[in-house]
Amino acid sequence: ASQFSVIGRTGGEESLIAGPPVENVLDFDWSPDGAEIMYLHRVGGGELRLTARDTTGRTREIKQLTESEAIIFHPLADGGLGIVPTDRHSLAVVDRPGKRDTTWPIPNWMSVITDVARSPDGKSLAVAARSRTGDTIVVTNLDLETGNFARLAAYPGEDPLAITWVKDGSIRFVFRGPDGAFGLYKVSPGRPAEKLGALPYYRAQFSMSNDGRHVAAFGYNDKNDVYMIRNFGELLR
């Protein structure tokens, strides 16, 4: 089971600043104002809970969902939520003040949504997805009012892991290219998409700063160990 903790830095040292770890976390993000951490986690019985926690440890429940209703969420600037269900074939926009809940199905040239990020003006979502053929990563702009998915870029590759809409209006995204290496890419309005560089990890999770200048990588690898287990054959017989 995945585990989630909030770590802060005080006096030059890292410490746990917001209570005990949370088990079975599916997704997490900062609130739009940066005052809370929001996380989606399993609570048992096929139920999920979206919770917010500030850095003093106070928590509040935002929404309860079933396991089929959500695998990814993204907080919107107006207090609403973008929610991707478990099958990743649509995106629901819910809890927006004064507006009805809406679910937008993906177009037929996309197969599954892998990640989302809100635009600086709060009117759109950048959506990373796999193509229908499964061999291409596509980046689209989802208009939150009309549900229109406008394709911005398409690259051969797999494993899209992060997408961020940065302050200058460009979109940064990370995925594994045909050479097997993760790369950082950029899409700017009115300009061809470009690769900014390769990332020095074969297996990792990535997070990007809002100014697009920094990438944090959380690398991991498997270690093969040999264990000797006592043979209890005679005892069991």
Side-chain angles (χ1 to χ4, degrees), residues 1-2 4 24-30 38-43 45-51 62-76 80-96 100-119 123-165 171-178 182-185 187 193 203-208 218 220:
S2 57
F4 171 80
N24 301 314
V25 172
L26 299 175
D27 195 18
F28 67 93
D29 204 341
W30 288 97
M38 303 167 65
Y39 51 93
L40 179 69
H41 61 118
R42 293 189 178 95
V43 294
E47 299 295 320
L48 307 177
R49 184 175 297 149
L50 181 60
T51 302
I62 299 173
K63 198 172 187 66
Q64 290 191 350
L65 300 149
T66 65
E67 287 199 357
S68 64
E69 288 180 307
I71 189 71
I72 297 171
F73 79 93
H74 198 76
L76 305 179
L81 295 166
I83 297 177
V84 178
T86 303
D87 64 13
R88 299 175 183 261
H89 292 162
S90 61
L91 193 150
V93 181
V94 303
D95 298 345
R96 302 181 73 191
R100 64 184 180 88
D101 294 351
T102 307
T103 298
W104 303 114
I106 61 175
N108 58 15
W109 42 268
M110 294 165 58
S111 60
V112 292
I113 294 172
T114 59
D115 205 358
V116 296
R118 63 181 173 273
S119 63
K123 296 180 180 179
S124 304
L125 288 176
V127 178
R130 293 189 180 94
S131 67
R132 178 61 60 183
T133 57
D135 58 358
T136 303
I137 306 305
V138 294
V139 176
T140 69
N141 178 359
L142 170 62
D143 187 300
L144 291 174
E145 299 302 326
T146 66
N148 179 60
F149 287 84
R151 179 156 40 185
L152 302 177
Y155 291 93
E158 57 184 356
D159 295 339
L161 293 180
I163 187 166
T164 300
W165 205 322
I171 296 169
R172 307 287 202 277
F173 59 105
V174 174
F175 68 91
R176 192 196 305 273
F182 283 110
L184 175 63
Y185 294 78
V187 178
R203 300 177 65 193
Q205 295 293 324
F206 300 95
S207 178
M208 284 171 278
F218 305 88
Y220 56 94

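All values below come from the heavy atoms of this structure, side chains included, with hydrogens, waters and symmetry mates left out.
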Are I71 and D27 close enough, and set up right, to give a side-chain contact (heavy atoms from CB on, under 4.5 Å), and what steps lead you there?
-> CA-CA 7 Å; I71 189 71; D27 195 18; over 6 Å; no
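Looking only at side-chain heavy atoms (C-beta outward), L65 and E47 stay at 4.5 Å or farther from each other.
Residue I171 holds its CD1 atom at 15.5 Å from OH of Y185, rounded to the nearest 0.5 Å. L48 contributes atom CG, which lies 7.0 Å from atom CZ of R42 (distance to the nearest 0.5 angstrom). Taking CE from M110 and CD1 from I137, the interatomic distance works out to 10.5 Å, rounded to the nearest 0.5 Å. Separating the CD1 atom in I72 from the CG atom in L26 is a distance of 10.0 Å, to the nearest 0.5 Å. Residue L40 holds its CG atom at 6.0 Å from CG of L50, rounded to the nearest 0.5 Å. Taking CH2 of W104 as the reference point, atom OG1 of T146 lies at 6.5 Å (rounded to 0.5 Å).
Cation-pi check for R151 over W109 is met; the charged atom lies under 6.0 angstrom from the ring centroid and within 45 degrees of its normal.
Closest approach of I106 to S111, counting heavy atoms only: CD1-O, 3.3 Å. Taking each heavy atom of V127 and V116 in turn, the nearest pair found is CG2-CG1, 4.0 Å. When all heavy atoms of L125 and W165 are compared, the pair lying nearest together is C-CZ3, 3.8 Å. Here the closest heavy-atom approach between residue P75 and residue M38 is recorded as CB-SD, 3.8 Å.
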Please tabulate, for the side chains in residues 83-91, all donor-acceptor contacts under 3.5 angstrom to protein atoms that are two or more places apart in sequence or on a different chain.
| residue | atom | partner | partner atom | Å |
| --- | --- | --- | --- | --- |
| T86 | OG1 | E67 | O | 2.4 |
| D87 | OD1 | H89 | N | 3.0 |
| R88 | NH1 | I113 | O | 3.1 |
| H89 | NE2 | D87 | O | 3.4 |

All N/O donor-acceptor pairs, side-chain side in residues 154-163, below 3.5 Å, sequence neighbours left out:
| residue | atom | partner | partner atom | Å |
| --- | --- | --- | --- | --- |
| Y155 | OH | E194 | N | 3.4 |
| D159 | OD2 | R176 | NE | 2.9 |
| D159 | OD2 | R176 | NH2 | 3.1 |

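Of the options V187, D115, T164, T114, a side chain to side chain contact (heavy atoms under 4.5 Å, CB included) to F173 is made by V187 and by none of the others.
Every residue two or more places apart in sequence or in another chain that forms a side-chain hydrogen bond (donor to acceptor under 3.5 Å, both in side chains) with D29 is listed here: H74. Contacts of R96 classified as salt bridge (charged side-chain N to carboxylate O under 4.0 Å, His left out), with partners at least two apart in sequence or in another chain: D78, E145. In this structure T51 satisfies the side-chain contact (heavy atoms from CB on, under 4.5 Å) test together with Y39, H41, R49, T59, sequence neighbours excluded.
Among pairs with a residue in residues 123-140, none fulfils salt bridge (charged side-chain N to carboxylate O under 4.0 Å, His left out), at least two apart in sequence or across chains.
Between the side chain of N141 and the backbone N or O of L152 there is no donor-acceptor pair closer than 3.5 Å.
Taking the six-membered ring where the residue is Trp, the centroids of F182 and F175 are separated by 6.0 Å or more.
Side-chain polar atoms of D143 and S124 form no donor-acceptor pair below 3.5 angstrom.
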